[in-house]
Amino acid sequence: MSPVHARKKRTKLVIATAVVAGALITTGVALNANADTAHEPTGAGSPSAAPLTLSAGARSTLIQQAQAGTDDTARRIGLGAQEKLVVKDVVKDADGTVHTRYERTYGGLPVLGGDLIVHTAPSGKSEGVTRNTEAAIKVASLTPKIATAKAATQALTAARAAGSESTSADTAPRKVIWAAGGKPVLAYETVVGGLQDDGTPNQLHVITDAATGKKLYEHQAIETGTGKTRYSGTVSLSTTKSGTKYQLKDTSRGGHQTTNLARKESGKGTLFTDADNVWGTGRSSSSSKDQTAAADAAYGAQVTWDFYKKTFGRNGIKNNGKAAYSRVHFSTNYVNAFWDDDCFCMTYGDGEGNTHPLTALDVAGHEMSHGVTSNTAGLEYSGESGGLNEATSDIFGTGVEFFAKNTTDKGDYLIGEKIDINGDGTPLRYMDKPSKDGASADYWSSTVGNKDVHLSSGVANHFFYLLSEGSGAKTINGVKYNSPTVNGSKVTGIGRAKALKIWYKALTEYMTSTTNYKGARKATLSAAKGLYGSTSTEYKTVAAAWAAVNVK
């Protein structure tokens with residue numbers, strides 16, 4: 001989520017090396033992503049193409065089988081002799097089609113932007129490959145011409161420009177192949193830690209050409225969105241009894257824990273415990289021990305887990321049955337919430353005056369959905385792919401809110417309407433007409449990727465609303481909407497349930513790290529064709545909704 005009243009906190013930053021977590025911040029450096037070669041299902045399409053719910057053992061077996069055959073797969077799809085594939089995930093459809101997502105290495109170095117998806121029919125016949133870059137990577141030399149110190153200095157300079165007053169190096173930059181910006185080149189990846197200028201933890205990745213020292217790219221890897229809760233009323237929470245006390249630990253959902261950072265800015269925090277198993281008061285206090293924020297966070301994690309499980313058959317964020325954990329009371333007066341892949345955790349600030357925690361249900365669903373995106377398509381957090389990343393979290397966060405059927409926080413197409421960051425009762429974002437917030441994009445244009453990702457996301461949010469509910473005026477759960485179209489067309493929605501299934505299948509089977517809006521159109525059409533057929537109303541409405549937001 002994007003903070004509005006950002007607290008200016010500057011702190012010492014440290015350099016560390018890390019694997020890209022699939023989250024990039026908009027920095028004005030445009031990503032030159034090649035268009036995806038989206039796989040189109042060959043059959044007429046039917047619900048049998050929906051993703052299967054796989055047990056942990058079945059999923060692990062598929063991954064092991066795919067990894068054992070990576071050399072053969074690499075040759076079959078035309079990769080070079082120095083290239084290797086590493087399996088990231090496998091999705092199997094009910095009709096037997098398998099979609100295997102790979103990362104790539106070249107000469108033993110990770111290829112950033114080299115991710116691809118191989119689609120295999122039940123017969124074992126290849127049905128195509130979705131990829132970001134050319135079939136084979138070719139780099140003249142794996143010997144850098146500049147020293148690592150120059151790359152480190154460049155990264156520190158970028159960190160200072162982002163608001164750090166003091167920086168220091170921790171470990172050396174790592175060598176990588178940068179393939180997300182056109183011709184693959186040998187590069188350094190440097191990661192700067194510490195905190196951003198609003199107090200959010202920092203993981204600024206800076207990519208430097210190892211031959212020229214030129215900065216190629218920079219991106220941010222932190223993605224910023226019975227309990228008596230503040231926002232959702234009195235709810236049931238799954239807890240664990242230990243001795244004479246209860247723990248805010250949910251063993252029925254992968255072992256999720258809710259911990260208290262007590263104003264700290266690092267560490268796992270302390271697991272919340274309670275004597276009577278009644279958590280919170282329904283009101284927030286400025287105390288760093290306040291249980292109400294913890295109750296909201298635990299409820300949000302619980303509902304988000306159930307939403308993914310019951311809607312898509314997804315068993316946790318990584319689809320491996322293991323839960324993330326949630327940290328509340330982060331820092332002081334911190335007006336934000338964020339997902340961090342490194343700790344595999346959600347973190348919530350308490351807002352202005354430490355009395356307005358950002359623990360509302362759609363915020364929880366939004367932020368944890370960043371984890372799902374990171375562990376599937378890995379949409380980079382900049383440009384159009386960054387807008388799609390943010391929109392994915394808005395879309396699934398909205399799905400979580402409707403799924404909960406909570407009478408205190410009814411489902412709507414407003415983002416962050418409960419947390420009142422603007423201070424006037426208005427939501428952060430509107431899906432029916434994103435520009436109502438004064439800055440988000442209703443429609444695609446050639447410059448939309450230059451906007452902050454929370455604003456360029458408007459194009460996909462608008463598409464999803466139109467696909468779900470259609471254009472024109474209507475009232476849903478007491479909220480009035482009036483969604484326009486760029487071409488004046490009338491769009492009749494197919495319903496939110498079908499729209500969610502299409503977006504999820506597109507994300508997990510057809511989108512890659514640098515998918516742009518044109519690629520998202522191809523991906524959702526492929527998903528709709530697989531689920532409902534190319535002559536179906538659903539397929540035609542996907543096309544019509546994209547046209548209505550100027551994506552063709």
Side-chain angles (χ1 to χ4, degrees), residues 1 21 199-201 222-225 227-232 235-240 246-274 279-280 284 287-309 316-318 321-331 334-351 354 356-375 393 396-397 400-401 404 406 409 416 418-419:
M1 306 291 286
T200 303
I222 295 291
E223 298 165 326
T224 51
K228 294 185 177 180
T229 70
R230 172 172 178 158
Y231 301 112
S232 299
V235 299
S236 295
L237 296 178
S238 293
T239 60
T240 300
Y246 294 89
Q247 300 174 332
L248 207 46
K249 179 178 180 180
D250 187 354
T251 57
S252 66
R253 296 177 177 85
H256 177 272
Q257 298 183 33
T258 304
T259 66
N260 185 7
L261 281 173
R263 307 279 182 253
K264 294 179 182 178
E265 295 172 343
S266 63
K268 184 172 182 178
T270 304
L271 179 65
F272 276 91
T273 60
D274 186 79
W279 306 83
S284 297
S287 169
S288 63
K289 297 180 180 179
D290 174 51
Q291 287 187 354
T292 301
D296 273 296
Y299 176 66
Q302 183 173 295
V303 175
T304 301
W305 178 285
D306 290 350
F307 164 75
Y308 277 102
K309 181 77 170 179
I317 288 173
K318 282 190 174 181
K322 297 179 181 180
Y325 67 96
S326 299
R327 308 183 298 181
V328 300
H329 302 316
F330 173 85
S331 192
Y334 179 63
V335 190
N336 212 338
F338 60 89
W339 168 264
D340 185 348
D341 240 23
D342 277 2
C343 68
F344 200 64
C345 69
M346 251 307 304
T347 305
Y348 300 91
D350 284 328
N354 294 319
H356 296 79
L358 280 81
T359 48
L361 185 57
D362 61 347
V363 177
H366 172 106
E367 300 298 347
M368 284 182 276
S369 292
H370 277 308
V372 174
T373 297
S374 180
N375 285 281
S393 282
F396 290 143
V400 167
E401 195 175 69
N406 184 290
D409 186 5
K418 286 281 188 179
I419 56 178

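Just so we're clear, the structure is a prediction, and the values are computed from it rather than from any experiment.
- Partners of Asp290 under the salt bridge (Lys or Arg N to Asp or Glu O under 4.0 Å) rule, at least two apart in sequence or in another chain, do not exist in this structure.
- Side chains of Glu265 and Ser331: a donor-acceptor N/O pair is present below 3.5 angstrom, by distance only.
- Taking all atoms of both residues into account, the shortest heavy-atom contact from Ala324 to Ile317 is CB-CD1, 4.1 Å.
- With hydrogens and angles ignored, the 3.5 Å screen pairs a side-chain donor or acceptor of Arg327 with a backbone N or O of Gly267.
- Closest heavy-atom contact between Thr359 and Ala293: CG2-O, 3.7 Å.
- Taking each heavy atom of Trp339 and Cys345 in turn, the nearest pair found is CE3-O, 3.4 Å.
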**Prompt:** Does the pair Asp250 and Trp305 meet the rule for a side-chain contact (heavy atoms from CB on, under 4.5 Å), with working shown?
**Reply:** CA-CA 11 Å; Asp250 187 354; Trp305 178 285; over 6 Å; no

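- Between Glu401 and Leu361 the shortest heavy-atom distance is CA-CD2, 4.1 Å.
- Atom CD in Gln257 sits 11.0 Å away from atom OG1 in Thr270 (nearest 0.5 Å).
- Proximity of a side-chain donor or acceptor of Thr292 to a complementary backbone N or O of Arg230 within less than 3.5 Å is not detected.
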**Request:** Apply side-chain contact (heavy atoms from CB on, under 4.5 Å) to the pair Ser284 and His356, showing each step before the final yes or no.
**Result:** CA-CA 7 Å; Ser284 297; His356 296 79; over 6 Å; no

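- Here OG of Ser288 is found 10.0 Å from NZ of Lys264. Values are rounded to the nearest 0.5 Å.
- Contact check for Ser369 versus Tyr308: side-chain heavy atoms found under the 4.5 Å cut-off.
- To the nearest 0.5 Å, the span separating CZ on Phe272 from OG1 on Thr239 amounts to 14.0 Å.
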**Asked** Please walk me through it: do His256 and Gln302 pass side-chain contact (heavy atoms from CB on, under 4.5 Å)?
**Response** CA-CA 8 Å; His256 177 272; Gln302 183 173 295; over 6 Å; no

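- Taking the ring centre of Phe344 as origin, the terminal cationic atom of Lys318 falls inside the region bounded by 6.0 Å and 45° from the ring axis.
- Counting heavy atoms from C-beta outward, Ser232 and Asp296 have side chains that approach closer than 4.5 Å.
- Counting heavy-atom neighbours within 6.0 Å of Lys418 NZ, excluding the residue itself, gives a total above 12.
- In this structure, Tyr334 and Leu261 have side chains that are not in contact, with every pair of non-hydrogen atoms separated by 4.5 Å or more.
- Between Asn406 and Tyr299, the side chains place a donor N or O and an acceptor N or O closer than 3.5 Å (distance only, hydrogens not considered).
- Contact detail for Val303 and Val400: the closest heavy-atom pair is CG1-CG1, 3.8 Å.
- Remark: side-chain polar atoms of Ser393 are paired, donor with acceptor, to backbone N or O of His370 under 3.5 angstrom.
- Remark: Asp274 engages no residue in a salt bridge (Lys or Arg N to Asp or Glu O under 4.0 Å) (not counting sequence neighbours).
- Annotation: the span from Phe396 atom CZ to Thr373 atom OG1 amounts to 7.0 Å, rounded to 0.5 Å.
- In this structure, Cys343 and Tyr325 approach most closely via the heavy-atom pair O-CE2, 3.4 Å.
- Each of Asp350, Thr347, Thr259 was checked for a side chain to side chain donor-acceptor pair (under 3.5 Å) with His329, and the lone residue meeting it is Asp350.
- Formation of a donor-acceptor pair under 3.5 Å by the Asp362 side chain with backbone atoms of Gly416 is found in this model.
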**Message:** Using side-chain contact (heavy atoms from CB on, under 4.5 Å), reason through Leu237 and Tyr246 one step at a time and then give a plain yes or no.
**Reply:** CA-CA 11 Å; Leu237 296 178; Tyr246 294 89; over 6 Å; no

